[in-house]
Amino acid sequence: MKKLITLLLSLALLATLLAGCKEKGKPATEDPAVTLRYGVTTEPDSLDPFLAAGADTKGLFFNVFEGLFKVGTDGGLNPAIATDYTVNGDSTVWTFTIRTGVKFHNGAELTPEDVEFSLGKAAEAGYYSFDKIADVAIDGNVVTVSLSEPNPEFLTVLTSEVVPKDYADQASAPVGTGPYKLESYKPQESLTFVRNEEYWGAEPEIDTVVVQIQASQTALVTSLQSGNIDAATVTAASIDQLDASAYDIVTQNSNGPQIFVLNNTYEPLTDVRVRQALNYAVNRREIIDIVGSGYGVQSESPLFPGLSKYYNENLYDAYPTDLETARSLLAAAGYPNGFDLEIKIPSNYDVHVQTGEVIVSQLQKIGVNATIKTIDWNTWLDDVNKGANYQASVITISGRSVNPLVELKRYTSTSSSNFFHYTSAEFDDVYSRAGSELDAAKRVSLYKELQQIVSDDAVSVYLLDIAGLTALNKSFTGLLSYPIYGIIDFAALKTVG
Amino acid sequence: METKLLALENLSIAVGGGKNPPLAVRGISLEAGGGELVGLAGESGCGKSLTALSIPGLLPEGVRIAGGSIMFGGTDLAAESERGLRALRGSDITMVFQEPMSSLNPLMKVGSQIAEPLRLHGAGSRAEIRARVLEMIEKVELPEPERIYKAYPHQLSGGQRQRVMLAIALVCRPRLLIADEPTTALDAAVQSQILELLKRLNASLGTTVLFISHDLNVIRSLCSRVYVMYAGRICESGTAAEIFGSPAHEYTKGLIASVPRREMRGMPLLGIPGRVPPVEKYGDGCPFAPRCARRTGECGKRFPEVSRLSDTHFASCYRVASRGGEERDDE
Amino acid sequence: MTFLLKRLAAAALTVFLVSALTFAAFNIIPGDAASAMAGADATPEQVEQIREKLGMNRPLHTRYAGWLKGFVSGDLGDSLRFGTPVASLLREKLPVTMTLAGLSFAMILVISFPLALLTTRRENGITDRAASAVTTVSVSVPNFFLGVLIIWVFSLALKLFTAGAYVPREQSAGGFVAYLVFPALAVALPLSAMVVKFLRSAIFEQKREAYVRTAYSEGSSSGRVLSRHVLKNAVIPTVTFLGMIIGDILGGSIVVEQVFSVPGLGRLLLSAVNSRDFPLLQTLVAYVTLAVVLANTLVDIAISVIDPRIRVAA
């Protein structure tokens, strides 16, 4: 009797296990339509473009929404909803010709009224410099925007999304003009984007892009290994685990500097000599080798190399590693025996935690006794980003705009995002001059001057441009690199052969 | 002499492992049959329970028969296979134990538990089994047999449960029933009821009963023949009249004297000085010798042969032997 | 009937208490949903916008009262993080977790009962001691490690399934269940080890009871004694233990869902905590509480069915 029970139960177990050994993940569907599966680990924070603030979300929805202009891979701008523009002498009145024959994803025709509505939404959402719009006028298919003060770089903010004015369901079913529509979103599972058959521009090749939301980086790698997804960003360390014959590794610049952040109001760090000493002590080359397995570009500017138009090339190696100078600077500042330093790092970013560990060992050499405290993301936002409740940190600030003034605003003394708590009258002065400089070339040199000031003042220890690595199935190609957000341009992707 | 139904011959039981495990029961011989009510009396720990358990082969882990034979209806149970013994248990040789409160499965209805031996030994259709169970419930004098049939053990009193145990033990009409202290855990009034029931059942069914107890009063009221056991040995055996009227062994005498009787009210209780030795110290001689007021030099060296006092009365004691009882031949 | 009513009342009280505690805890931990959603780079104005839009600027007790009122009347509100109604999120994810829980539970029963029965022949015998050692080790294996091990063995080495290739129910019911077999295994194995330990100990305890001796004296074989008498008795304490386990896995196996990328309630709960998504979190916590209470009630009912000694008077 007992034997019979045992036998039956074992058979049942075996059957259950066998049921699990089913179809492996099939590669791209056998349909003639081409599907690309892209793996990510972050969930979009909102489908509504004016509520979405996450860089990854913006990066994905680059395919769904378009502005009057669109960002190009070099940081420049290309016409999108606007076909042409003119601007008056003092950069206060801008006139845009609106493209005709553009259809929204819900079938409605795009009119200049939609453009006006969208500009209003962007202003409501607090987009940078939209508060300086004094008037919007429509004449035929021409929209004229008048500003209350000159803004030579006004075009850079016109990548803001254009949406239909009568449509209220953006948060659940987003509608834009881009080359792809969002077909469905299953929280924690996937987003499905399908090609917009009525797109005004060149029709993309890939019919469907399924963005699969995996639970962790490990799951992402496993999915790549098992052929369950075609592309995903990977870390340098996991490249070895992938089958080189099946995947290409595409290297991209990231869109923000990785920074060893210093709270300028914390006692030893109030002295510029101390901050400079830390800059001399940190060996960025070593960080690149240890944490990035050799991938990454050393960069000591508050901007990033991807914004090549404005990057100050002198700052690749502003503070060459020099322990002697570091020690003497510390001594001069009154800390011959070093000091203690607590570095708060968000625990969900492995790369920053590892970088922190390398920094700790490097700082030992000049007598600075650094310790790492990992905290969860929300706590980091509270303590470091919003409050001054920290001494140092390690983070990457992702670029959000191709306008350097947006990126550099946080160094002005009145900015609420100035979590370095840095104040410099000189910086504030150059900043306001750059904002009103009408000559393009002069503007560029002012941007470069701003970067130099930040570097000379050693506001923080600028480390490197973390390499963005994407594994792409060899049957696909065309992954482009953009200087802002984590834009994944589906329209540029193609199949091979 | 007719062959008895049950005959233990020179049976020894060893406890524990190793090369020379101590013997808790040593060379005992015992007989019962023909519907008799035979008693096995002795203090706790003298090995009477082990003796009882050895008959149907229910000795616990680590305890085993070390010598001798257990003849039951012509078969030596000591040499029998487990399967063979299982066939006999519950159908031909049954037992009733001391703890009525926990000897029944709390989750099974009483009727089903009484039916268990019938089911195990192939007794026919469900209807037939049910009928036999109800009949048995009546036979053990439980009222409202239908209600009892459907009841659970926790709904019955101690006395009722013991009746159920008797029902289980007798439902297959076994030839031998071994009762190990069945009334010890019951209070006096219930005790006598159960004993009377047992007497009636023995009479009506003709089952041979081997009744084991430390309570001499009970044995006296119930049994026709008695064996007295001490420290693994049988010291004396005889009819109830002989044992209680003219006990020969010093131990038997001391035991009888120490049982409180109404006449002794107000007087100090008599005991037997000394205590039962532990199993390892039983030794080759008479185990009672250290406590015996009349021991001789021989007593400690070798266990005495059985002396015959009458056709039915036997004792193992040097004093008895020297008084002129014939030595009985070992069979 | 009164039994059920009393249970319902107890359940409601428990849910209320637990949700109140959660609300209190939320008050203490740093961070809120808006800044979590907005990310590090958002301007404070943007964060404030989000807060206004989501009604987060009302005091916490007002929000709690609002949530409670809605919860009681069936309106679970919208998730701050996902924008979708909490009810629809729950409707999507609940079947996933239920299936995972069901599979795990079935596996636990299938694995642990035969194992327990087979290794209780003889106390302190070889199988007993071996089983003791193995279960002690297995109980200590963390389930994320087991999960990764399962992926390595079954997905990468043996290629029996594709890790990460969760198959949605709508796509293929068979594939959906088939994929969940492996995460279910990761959940079931350590729990099975515990159940085996528990059940074996209960069996050995029952074997020492007097009714076992009665059963043997009736002529039962040891197999019959085990299956007909001992097992049912040993199951009683085990059922209580199993009830705890059900409550646990119904709440969603957070770790295993992460390792296998299963979009169940565990992952949702994790996300809700991380993004301080108050409405979603409160509902999930209420659900988990109800699941545990339900499991315990089922256990009580089961025991009263098995054990006539504690049957509630009809």
Side-chain angles (χ1 to χ4, degrees), chain B residues 49 52-53 55-62 82-110 112-122 150-155 161 164-165 168-169 171-172 174 177-180 185, chain C residues 113 117 119-129 199-200 202-240 299-314:
Chain B
S49 285
L53 289 171
I55 299 171
L58 286 178
L59 288 171
E61 198 64 38
E82 172 66 15
R83 167 169 274 159
L85 288 171
R86 270 214 296 273
L88 291 171
R89 288 183 207 136
S91 62
D92 216 8
I93 304 177
T94 61
M95 287 189 74
V96 178
F97 300 97
Q98 179 174 338
E99 310 95 328
M101 299 310 272
S102 50
S103 290
L104 290 171
N105 186 340
L107 305 184
M108 259 170 95
K109 291 198 185 122
V110 164
S112 181
Q113 298 197 51
I114 300 176
E116 201 50 8
L118 289 171
R119 281 187 223 120
L120 282 165
H121 302 282
K150 286 191 279 212
Y152 283 97
H154 70 279
Q155 293 167 311
R161 284 188 226 188
V164 169
M165 296 299 294
I168 293 176
V171 73
C172 288
L177 168 66
I178 306 172
D180 187 358
Chain C
F113 273 68
L117 287 172
T119 56
T120 44
R121 271 219 200 125
R122 180 174 296 191
E123 200 159 359
N124 288 324
I126 298 179
T127 49
D128 176 24
R129 282 194 258 184
L199 191 53
R200 273 163 33 83
I203 288 177
F204 278 133
E205 206 182 294
Q206 287 304 314
K207 272 183 154 186
R208 287 180 223 125
E209 289 289 314
Y211 67 82
V212 170
R213 191 178 49 180
T214 309
Y216 278 120
S217 74
E218 291 166 357
S220 267
S221 62
S222 55
R224 191 186 169 92
V225 167
L226 196 59
S227 56
R228 228 184 127 66
H229 297 271
V230 169
L231 194 56
K232 217 172 167 197
N233 280 276
V235 154
I236 293 176
T238 313
V239 164
T240 312
V299 163
D300 286 345
I301 293 178
I303 292 187
S304 73
V305 163
I306 301 176
D307 191 343
R309 289 170 292 187
I310 63 165
R311 233 162 244 176
V312 180

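Protein chains get the first letters and strands the later ones, always in sequence-line order, with residue 1 at the start of each.
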With a 4.5 angstrom heavy-atom cut-off, which part of B:L107 approaches chain C: side chain, backbone, both or neither? both
Partner chain C: residue of B:Q155, B:E116, B:E99, B:M95 with the largest heavy-atom pair count (under 4.5 Å): B:E116
Is there a side-chain contact between C:S217 and B:T94 (heavy atoms, below 4.5 Å)? no
Hey, does the side chain of B:H121 reach the backbone of C:E218 with a donor-acceptor pair shorter than 3.5 angstrom? yes
Among B:P56, B:P106, B:P117, which has the most heavy-atom pairs under 4.5 Å with chain C? B:P106
Answer yes or no: is there a side-chain heavy-atom contact under 4.5 Å between B:S112 and C:R228? yes
Option that, when pairs with chain C are counted at under 4.5 Å, heavy atom only, ranks first among B:M101, B:E82, B:E61, B:Q98: B:E61
Shortest non-hydrogen contact from C:Y216 toward B:L58: CB-CD2, 3.7 Å
Can you name the nearest heavy-atom pair linking B:L120 to C:G219, along with the distance? CD1-C, 3.9 Å
Under 4.5 Å from any heavy atom of chain B - which part of C:I236: side chain
Minimum-distance pair of heavy atoms, taken over all atoms of B:S103 and C:R213: OG-NH2, 4.3 Å
Smallest separation among heavy atoms of B:N105 and C:N233, with atom names: OD1-ND2, 3.0 Å
Counting C-beta onward and ignoring hydrogens, is there a side-chain heavy-atom pair between C:K232 and B:M108 closer than 4.5 Å? no
Enter the distance from B:L104:CG to C:E209:CD here, rounded to the nearest 0.5 Å. 12.0 Å
Turns out that what part of B:R83 lies under 4.5 Å from chain C's heavy atoms comes down to neither
